[in-house]
Number of protein chains: 2
Amino acid sequence: MQNRVLLVEDDDELRELLARYLSGQGFTVREAANGKDGLTLALGQHCDIVVLDIMLPDISGLEVLRELRSQTHLPVVLLTARGDETDRIVGFEVGADDYIPKPCNPRELVARLHAILRRVAWDQKAGVKAEQNYGDLRLESDHRRIYQNDEPLDLTATEYEILQVLLAHAGSVVRKTDLMQWALGRRLEAFDRTLDMHISNLRKKLGSDDPPRIETVRGLGYSYRVVE
Amino acid sequence: MQNRVLLVEDDDELRELLARYLSGQGFTVREAANGKDGLTLALGQHCDIVVLDIMLPDISGLEVLRELRSQTHLPVVLLTARGDETDRIVGFEVGADDYIPKPCNPRELVARLHAILRRVAWDQKAGVKAEQNYGDLRLESDHRRIYQNDEPLDLTATEYEILQVLLAHAGSVVRKTDLMQWALGRRLEAFDRTLDMHISNLRKKLGSDDPPRIETVRGLGYSYRVVE
DNA sequence: AATGCTATGTAAAGGTTCTGCAAAGGAACC
DNA sequence: GGTTCCTTTGCAGAACCTTTACATAGCATT
């Protein structure tokens, strides 16, 4: 099958060079020359992986990545100036899957893309079920809304994110660090009780069950138990 | 709990340096100084990710990786000499998830490990329901729960870790030092009775059998005997 | 058998860490 | 200024890990 890659890079020459090489290697390539277009394409078009330059004329690549991460888990490879360690580490913390220093060797880029796609394919082999019902809850991701017995829950943006992540992993434990990263988009620092508060508020809004449907796994995180 | 990383590196100094740093960053670290040991430990399934040097005294890191890939999809990060492009690309082709040139920046290593683990954790959501049976016990690793005759055991985090290790080695003896390292994530010091206490509590929760299903091997460790 | 040393079992106490939640502070938006 | 929401702060309570202390069991030596 053809993998679809989105190339976000403002240097026309480099972009076209890479695009040509990737095409030759069996990728379907889409291109964007700035952050805004890149974001639109990434969110709209269907692609499997994004190659994202950090230095862009309009929005920073990191900003694009952050925005992307707030909505999807599309794999992203960052292109950074060689040796710029700060960008690189910040990039990983925001949620990049890999980074490549410029100027980059196209063969290496392809190898890395394949490594990431291989992992994603492997992990998803169980099949992505777009099922959006979890017992008495129904998730409508288009509208960013969650219904309980067809009654919409009045959730804040963050609460929605958290519950959405918990539902996506319903039945398994989600670590606090991961929940923080995926829902709040930042790292869990010591003494940060934000997450606990959101969970507390969520529990209130979900009504009281016994045992509570958002279960605490002490020292680890939380787990959503599906209730009919 | 903590992420467990296996460090396969023959340079004692570098290995210990990295081990110390990773421990400080919240990883539980296991070490191997050659490919053979590394392979054994990696297949012993007590880690979440492997950091693998390519240059090893016995088997090449690539060979270890190939062998590992034939049996599991455990995430692997390769350590290679800087600039050695061949190794790097071959590494990806064999199935590495990432590579880092030596000498490497520990912070970057940690950032990369987190990036990979984050993706793995996310993708494993609805994935393979890891469920294993050991007589009347059933281990559900998603939930981090162990059932006895379909009744969930009320275990603490540490108790779960310990029992999980014992089950994985059911029928054979697990040394106390190893049990300590794998389940508690630290070294067994003299006069430390913590482990004994956890075993004692576990036995209570598992009910009384004669002989006890967690058998003591005096001077060595413990062994779980499967009971139907 | 008796002795002594060491390893293990376990109750109880101690202390640390984690969590729940109310309330107050801030930031962003209108 | 008001509203809404996210975050911080503080405290109380719970859950848990570890230590302590003593009893017991295994093993080697005498």
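The sequence lines fix the lettering, A, B, ..., with proteins before strands; numbering per chain opens at 1.
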Participant: Let me know the distance between CG of B:D192 and P of C:dG9, rounded to the nearest Å.
Facilitator: 14 Å
Participant: For A:D48 versus A:P75, what's the shortest heavy-atom pair and its separation?
Facilitator: O-CD, 3.3 Å
Participant: Would you confirm whether the ring centroid of B:F27 sits within less than 6.0 angstrom of the ring centroid of B:H114?
Facilitator: yes
Participant: In this structure, how many angstroms lie between the P atom of D:dC17 and the CG atom of B:L179, rounded?
Facilitator: 14 Å
Participant: What integer distance in Å separates B:L195:CG from C:dA7:C1'?
Facilitator: 13 Å
Participant: Between atom CG in B:D154 and atom C1' in D:dA15, what is the gap in whole Å?
Facilitator: 10 Å
Participant: Would you say A:L166 and A:Y222 make side-chain contact, with heavy atoms under 4.5 Å?
Facilitator: yes
Participant: Considering just the side-chain nitrogens and oxygens of B:H198, establish if one lies under 4.0 Å of OP1 or OP2 belonging to D:dC16.
Facilitator: no
Participant: Do the side chains of A:D98 and A:R112 get close enough for a salt bridge, i.e. N-O under 4.0 angstrom?
Facilitator: yes
Participant: To the nearest angstrom, how far is B:E159 atom CD from D:dA15 atom P?
Facilitator: 14 Å
Participant: Taking atom P of D:dC5 as reference, at what distance in whole Å does atom NZ of A:K204 sit?
Facilitator: 14 Å
Participant: Can you measure from OH (A:Y224) to CD (A:E215) and round to the nearest 0.5 angstrom?
Facilitator: 10.5 Å
Participant: In whole Å, what is the span from the CG atom of A:L184 to the C1' atom of D:dT8?
Facilitator: 14 Å
Participant: Just how far, in rounded Å, is C1' of D:dC6 from CG of A:N201?
Facilitator: 10 Å
Participant: Output the single nucleotide from D:dC5, D:dT8, D:dC17 whose closest atom is nearest the side chain of A:R186.
Facilitator: D:dT8
Participant: Any side-chain heavy atom of B:K205 within less than 4.5 Å of one from B:T156?
Facilitator: yes
Participant: Quick one: is A:T156 getting a side-chain N or O under 4.0 Å of the D:dT4 phosphate, OP1 or OP2?
Facilitator: no
Participant: Less than 4.0 angstrom from a charged side-chain N to a carboxylate O is my criterion; do B:E161 and B:R144 meet it?
Facilitator: yes
Participant: Do NZ/NE/NH1/NH2 and the carboxylate oxygens of A:R145 and A:E140 come within less than 4.0 Å?
Facilitator: no
Participant: Once each nucleotide of nucleotides 14-20 of chain C is scored for protein heavy atoms under 4.0 Å, what B/S/- sequence comes out, 5' to 3'?
Facilitator: ---BBBB
Participant: OP1, OP2 of D:dC17 versus side-chain N and O of B:T158: anything below 4.0 Å?
Facilitator: yes
Participant: Between the side chains of B:R203 and B:T216, is a donor N or O closer than 3.5 angstrom to an acceptor N or O?
Facilitator: yes
Participant: Do nucleotides 24-30 of chain C as a string where each nucleotide becomes B, S or -: B if the base has a protein heavy atom under 4.0 Å, S if just the sugar-phosphate does, - if no protein is that close.
Facilitator: -------
